[in-house]
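Notes follow once the structure below has been shown.
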Amino acid sequence: MQYNHQEIEENWQKFWAENQTFKASSTSEKPKYYVLDMFPYPSGAGLHVGHPLGYIASDIYARYKRHKGFNVLHPQGYDSFGLPAEQYAIQTGQHPAKTTEANIATYRKQLDKIGFSFDWSTEVRTSNPEYYKWTQWIFIQLFNSWYHKDTDKAEDISTLISIFKKSGNAKVNAVSDEDIAFFSAEEWNAFSTTEKEAILLQYRLTFLSDTEVNWCPGLGTVLANDEIVNGVSERGSHPVVRKKMTQWSMRISAYAQRLLDGLETIDWPQPLKDSQTNWIGRSQGAMVSFDVANGTEKVSSEVKLSYKELEALKELRQNLSKAETILWDELKNKKGAAKFRKKYTIGAFLVDYVCLAKNIIVEFSGKEEEAARTEFFAKEGFNVVRFTNEEVIENVLSVVSKINAAIQFPKAIEKGAKKEVALTAKNQYKIAVFTTRPDTIFGVSFMTLAPEHELVSKITTDAQKAAVEKYITATAKRSERDRMADVKTISGVFTGAYAIHPFSGEKVQIWIGDYVLANYGTGAVMAVPCGDQRDYDFAKKFEIPIPNIFEGVDISEEAHTGKDATKIANSDFLSGLKYKKALKLSIFEMEKRGFGYGKINYRLRDAVFSRQRYWGEPFPVYYKDGMPQMIDAKHLPIVLPEVEKYLPTEDGKPPLGNATAWAWDSRAKKVVSNEKLKNKTVYPLELNTMPGWAGSSWYFNRYMDAANTAEFASKEALDYWKEVDLYIGGSEHATGHLLYARFWQKFLFDKGIVPVDEFAKKLINQGMILGTSAFVYKATAFVKEGCGCADEKSNDDVLNKIPTVLVSKNLFSSDDEFETVVKNYLMDKGFLSPLNADIVMIVKTEIHADVSLVNTSDELDVDAFKNHALNAAYKNSEFILEDGVYKVKREVEKMSKSKYNVVNPDAIVAQYGADALRLFEMFLGPLEQAKPWKTSGISGVSSFLKKLWKLYFNEEIFEVSKEKATKEELKVLHKTIKKVQEDIERFSFNTSVSTFMIAVNDLTTLKCNKRAILEPLLVLLSPYAPHISEELWSKLGNKKSISTADFPVFDAKHLVESAKNYPISFNGKMRFTLELSLDLSKEEIEKAVLVHEKTIAQLEGRTPKKVIVVPGKIINIVG
RNA sequence: GCUCAAGUGGCGGAAUUGGUAGACGCGCUGGAUUCAAAAUCCAGUUUUUUCGGAAGUGCGGGUUCGAUUCCCGCCUUGAGUACCA
């Protein structure tokens, strides 16, 4: 009977679906095992053969674990929010939900054909409101939490509030924004609700702030650092620029250390751990503060703004926002003592409006460093009045009347604040730096600030002013990419100012240079040229002294960057010490003297969480008095509203700004029409949506209890399944999904919501499957120029006669030979007159041919190629063949549509079957490695399946014998059991496919048809080739699915041998083998070998110096 | 530049603790079957050879009775990251 894969596979796929064979039980006595694939994004292009690789591996493991008696959870779902569907929606006007739904349907159909044992009853989709309800819920939990460094975990915001109430914020040890103003308990209690909320935002784990973000104009949204590759967007490769915007952020930096520590506890690939470690970028060192000298050179007294600020100011005066214009229209009419100015600088701050005569500042709220501004303005004797954009737009008259009130009844400025500020004002400027080498502080010979550093304009002397400004202008012009690409050019300029070395008291020059990055550390470095190559190069270029503080080290050529072995010299109290001790002592001294302290810096930035896109989770947030408010969890989900178009609004708001019903009625507790915004209890809702990683950061927990409507997942389910035991997916998620998901998991763990703080115990990165592209060689003819005698027209005639010619691969070995071959062909066929042969030039180009047109022997189907839809240009081409066929060149490349090398799994399944596809994908090579796909290879596993099938048949009749298995047959079976089990457990799936082949070859040779062998063999094979195994299993008379069968138990007694075919080597080289009994002692073996005639021949009369005998392994004769 | 991973036949790859290098499969060569093709089956397939052998796992050293495997240096390829103080 013929093996008919189509019928068999269809039947069993139907059987599994109908019987819910792979549904996981949550009330099982069995031990649990959770196998998960990384969340797929259902793209419109569908699957190619590279995609199922990881799914097949995880499916094999899941099925194996079921045979081994585990209760296995093996779910699947879709990360269905995201950019591609939205880009498509913008282009076609189709609702992303619709296209997503269609893509999922295609995806599912393709998956089903491969025979995966997914438990589809737990399917989740991130774009489903029942799912994102809980994503919103987690967001609220984050909002209501702060990170307490004392307990080293996230706590409810209420514990922070109670500390504030009792003792203010001076002693709170929390992860927060930088530059937080201190306040006492009394002050806290006196703050207005809005003020309190503004302060709490600085502590919450998700918070709203003005941050420099990566704005991508091409996509119309901001991007996280991990969504940018080489300065352009990961999706679509659009340029990205820096821009300041008010955004939701996630305080992932609070977890930096724990994210590092957690890596120690999980079994993940080292390269992945390395890249997370790298991304987090921990560096241990010290913060040191250098005073700027009040030098002899005159420092200009007027308050200056940095170049950037001045440029921004000019622009701002001209381009007022809508709210600003409305308010200015009212204020500008005021005359006399109440005259207002717009965009005016007070100190280093830019204020929106100021009335100088009445000392009133009017500002829009939500600016950076609001507390610091207030403090500074108070010191200068100004009263500050703040309004939100919305207040002004909605009722400008009430705003104006409040301003009038402030002019008439100025608030008394607190004396305490004034006194404190006066004290600090006496102090000169300080430059804070972070260094990982405080032990080399005596090697500091200058300092370098980033050109953007705020102090630059304030400390630059008049003499250097022109040079500094010129340099800053020049740097500002260079794009981010230019600066990144050009590392070699050393540039900088002296500010004229000096800093005081905190230990030695010496004056060191302060420079600016663009090798110092504004957004890392403090944007300033203490330069130690003898110990840092960049500082060294800088010092050399500008002839700054390079003091040597290393004992016995030559620094005339380059800096000495090593640290461990070298002793410090010329360094006062640090002299003679090695790195470790000097480091500790230097920090100790700094702390004692009060100008520095030990600090650990992380490169990891807080993650921007807002996206100006439509197709994402809406935030459960509305705004009241400019302050974000969470919607109570019981009113979730806040469902994504319908919009007419998916583009930003005309005034630049995100797409949700197009929604007509997007306001929160705080009384009715529901989303209502925007028209009701006039009501006092109706507020605008957040217009941003969440980023793609929101839904994928916790989905693995949802699978444990996917249908739960009351909770994110029940406690019982979470406690039973705990974490993913095996997680398989691509390495591209290393610093995105996998870092964010670990962060959320740790947060949920802190809040007692999940029982473990790492969500995946073991992770495997499957390698990419590459395509084997096919190329044809195309000949293009040109006419040589410059003869000067012939007229152009006749040359055109020559060219017009020449058709496109394609040359088979092995007909030439050089470009010259190629030209000759083509010319000879053209002349033979009469396309080219021999008279014109010399004026024609032939150039070779390689073009991709669709791989489906090429057979296993690299031969092109010429007719199919000519008639291929994409090859209209070659319809009338001539082909130069070799031995009657056209051979193509093959090359391994990434699988992609543009390279015509994409192989669709559906086609493979139709022709060879899902079992063959599964076996072949595994057979290609180690799971973790990248490897090329070559469809020709599949015939090997296909004939294996046919051979296996044959073992169970006597011609047309299914027939297995009840006879006892022979020793030989049992040996084959048990060898296979042992090897397959070992292979699966170390995820070496390719070698177990070989093992099956060997077993079937051996059993065929032995003509074995014993049930005792063939029945357990099916269980071994069933994780790999489940359909054929089920079919033969049921033919053997079994009523239940093979997935319920126990894995065969290995018995070593079947492998016991009485003799061993020993390899006999001479000086380590194997020369011949000799069969000897395993009962022999070492001495007997040695004797037997030495008297053997081949040994004597090998030795050629020499006496062996030594004979190594490893019983059961090898014999080595030295001599 | 730095970090990590990997280099084995014509190709994908195997060799699990240092113990017979090239399993298994593709491709190729020859044969059987067939009117012929496909499919199937059999034999061969690292290089070299005076047919006894000899050499051989990117290159050069080392440790060892014995190294694809361990150590040192170098070369090549791939991935990540990038003026990170």
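Letters go in sequence order (proteins before strands), and every chain restarts at 1.
- Look at the P atom in both B/rU8 and B/rG78: the space between them is 14 Å, to the nearest Å.
- You'll find that the side chain of A/Lys1060 is closest to B/rU20, out of B/rA15, B/rA85, B/rU20.
- Across all strands shown, B/rC51 forms no Watson-Crick or G-U wobble pair with both distances under 3.5 Å.
- Remark on RNA chain B: of its neighbouring residues A/Tyr1062 and A/Gly281, the 5'-side contact belongs to A/Tyr1062, judged by nearest-heavy-atom nucleotide.
- Residues satisfying the ring-ring contact (aromatic ring centres under 6.0 Å, His included) criterion with A/Tyr3, sequence neighbours excluded, are A/Trp949.
- Using N1 to N3 plus N6-O4 or O6-N4 for Watson-Crick, or N1-O2 and O6-N3 for G-U wobble, each under 3.5 Å, B/rC24 pairs with B/rG12.
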Grab the N/O contacts between the protein and nucleotides 22-25 of chain B below 3.5 Å, and write none if there aren't any.
residue : atom : partner   : partner atom : Å
B/rG25  : OP1  : A/Asn1001 : ND2          : 3.3

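- In this structure B/rG78 sits in a base pair with B/rC4, meeting the Watson-Crick or G-U test at under 3.5 Å.
- Ring orientation note: the planes of A/Phe987 and A/Phe989 are nearly perpendicular, at an angle over 60° on the 30°/60° scale.
- Heavy atoms of A/Lys1105 sit nowhere under 4.0 angstrom from any nucleic acid atom.
- When distances run from any side-chain atom of A/Asp514 to the nucleotides B/rG80, B/rC83, B/rA85, the shortest one goes to B/rC83.
- Partners of A/His733 under the side-chain hydrogen bond (donor to acceptor under 3.5 Å, both in side chains) rule, at least two apart in sequence or in another chain, do not exist in this structure.
- Where A/Asp983 and A/Arg1071 meet RNA chain B, the nucleotide closest to each residue was compared, and A/Asp983 sits on the side nearer the 5' end.
- Residues satisfying the side-chain hydrogen bond (donor to acceptor under 3.5 Å, both in side chains) test with A/Tyr952, not counting sequence neighbours, are none.
- The CD atom of A/Gln2 sits 9 Å away from the C1' atom of B/rA39 (whole-angstrom rounding).
- Regarding A/Glu928, its CD atom lies at a distance of 12 Å from the P atom of B/rG13, rounded to whole Å.
- Remark: B/rA85 base-pairs with no nucleotide; criterion is Watson-Crick or G-U wobble with both hydrogen-bond distances under 3.5 Å.
- When distances are taken from the side chain of A/Thr436 to each of B/rU20, B/rA85, B/rG13, the shortest belongs to B/rA85.
- Partners of A/Phe1072 according to the ring-ring contact (aromatic ring centres under 6.0 Å, His included) rule, which considers only residues two or more places apart in sequence or in another chain, are A/His1092.
- In this structure, A/Glu1075 places its CD atom where more than 12 heavy-atom neighbours from other residues, nucleotides or ligands lie under 6.0 Å away.
- For the residue pair A/Ser491/A/Tyr471, the side-chain donor-acceptor check at 3.5 Å is satisfied.
- When rounded to the nearest whole Å, the span between CZ of A/Phe944 and P of B/rU40 equals 15 Å.
- B/rA15 sits 10 Å from B/rU69 when the C1' atoms are compared, rounded to a whole Å.
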Restricting to nitrogen or oxygen on both sides, can you table the protein-nucleotides 4-8 of chain B pairs closer than 3.5 Å?
none

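- A/Leu770 has its CG atom 12 Å from the C1' atom of B/rG12, to the nearest Å.
- B/rG58: glycosidic angle beyond 90° from 0, hence anti.
- For A/Ser283, whose side chain is taken as the heavy atoms from C-beta onward, the closest listed nucleotide among B/rG19, B/rC26, B/rA85 is B/rA85.
- Every side-chain hydrogen bond (donor to acceptor under 3.5 Å, both in side chains) that A/Gln270 has, sequence neighbours left out, goes to A/Asp274.
- Nucleotides B/rU29 and B/rC65 have their P atoms positioned 48 Å apart, rounded to a whole Å.
- If you take CD1 of A/Ile600 and P of B/rA85, they are 14 Å apart, rounded to a whole angstrom.
- When rounded to the nearest whole Å, the span between CH2 of A/Trp933 and C1' of B/rG13 equals 15 Å.
- The residue A/Arg605 sits apart from the nucleic acid: no heavy atom pair falls under 4.0 Å.
- Atom name P, nucleotides B/rC26 and B/rA39: the rounded distance is 12 Å, in whole Å.
- Around the NZ atom of A/Lys889, the shell of radius 6.0 Å holds more than 12 heavy atoms that belong to other residues, nucleotides or ligands.
- The base-pairing partner of B/rG66, taking Watson-Crick or G-U wobble contacts with both distances under 3.5 Å, does not exist among the strands shown.
- Applying the Watson-Crick and G-U wobble criteria (two distances, each under 3.5 Å), B/rU40 pairs with B/rA32.
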Any N/O pairs under 3.5 Å between the protein and nucleotides 61-65 of chain B? List them or say none.
residue : atom : partner   : partner atom : Å
B/rC65  : O2'  : A/Asn1116 : ND2          : 3.1
B/rC65  : O2   : A/Asn1116 : ND2          : 2.7

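- One can find a donor-acceptor pair under 3.5 Å joining the base of B/rU16 and the side-chain atoms of A/Lys979.
- To the nearest whole angstrom, the two P atoms, one in B/rU40 and one in B/rG52, are 37 Å apart.
- Distances from the side chain of A/Val1110 to the nucleotides B/rG12, B/rC84, B/rG19 place B/rG19 closest.
- In this structure, the OH atom of A/Tyr3 is 17 Å from the P atom of B/rA39, given to the nearest Å.
- With sequence neighbours excluded, no residue forms a ring-ring contact (aromatic ring centres under 6.0 Å, His included) with A/Phe923.
- Taking the C1' atoms as reference points, B/rC11 lies 14 Å from B/rU46, given to the whole Å.
- The glycosidic torsion of B/rG52 lies within 90° of 0, which places this base in the syn conformation.
- A/Phe446 and A/Phe538 have their aromatic ring centers within a separation under 6.0 angstrom.
- Using atom P as the reference point in both B/rU3 and B/rA21, the two lie 37 Å apart (nearest Å).
- Partners of A/Thr522 according to the side-chain hydrogen bond (donor to acceptor under 3.5 Å, both in side chains) rule, which considers only residues two or more places apart in sequence or in another chain, do not exist here.
- Within the 4.0 Å cut-off from OP1 or OP2 of B/rG10, not a single side-chain nitrogen or oxygen of A/Arg890 is found.
- Backbone-only contact: A/Ala930 has heavy atoms under 4.0 Å from sugar-phosphate atoms and none from a base.
- Of the nucleotides present, B/rC72 is the one that pairs with B/rG60 by Watson-Crick or G-U wobble criteria, both distances under 3.5 Å.
- Scanning for ring-ring contact (aromatic ring centres under 6.0 Å, His included) contacts around A/Phe775 gives A/His848, with sequence neighbours left out.
- Between the CG atom of A/Asp532 and the C1' atom of B/rG1 there is a distance of 13 Å, given to the nearest Å.
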For residues 1106-1119 of chain A, tabulate all N or O donor-acceptor pairs below 3.5 Å that involve a side-chain atom, not counting sequence neighbours.
residue   : atom : partner   : partner atom : Å
A/Asn1116 : OD1  : A/Asn1067 : N            : 3.4
A/Asn1116 : OD1  : A/Gly1068 : N            : 3.0

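- Considering only side-chain N and O atoms, A/Arg282 lies nowhere under 4.0 angstrom from the phosphate OP1 or OP2 of B/rC84.
- In this structure, the side chain of A/Thr772 engages the main chain of A/Trp933 through a donor-acceptor pair within 3.5 Å.
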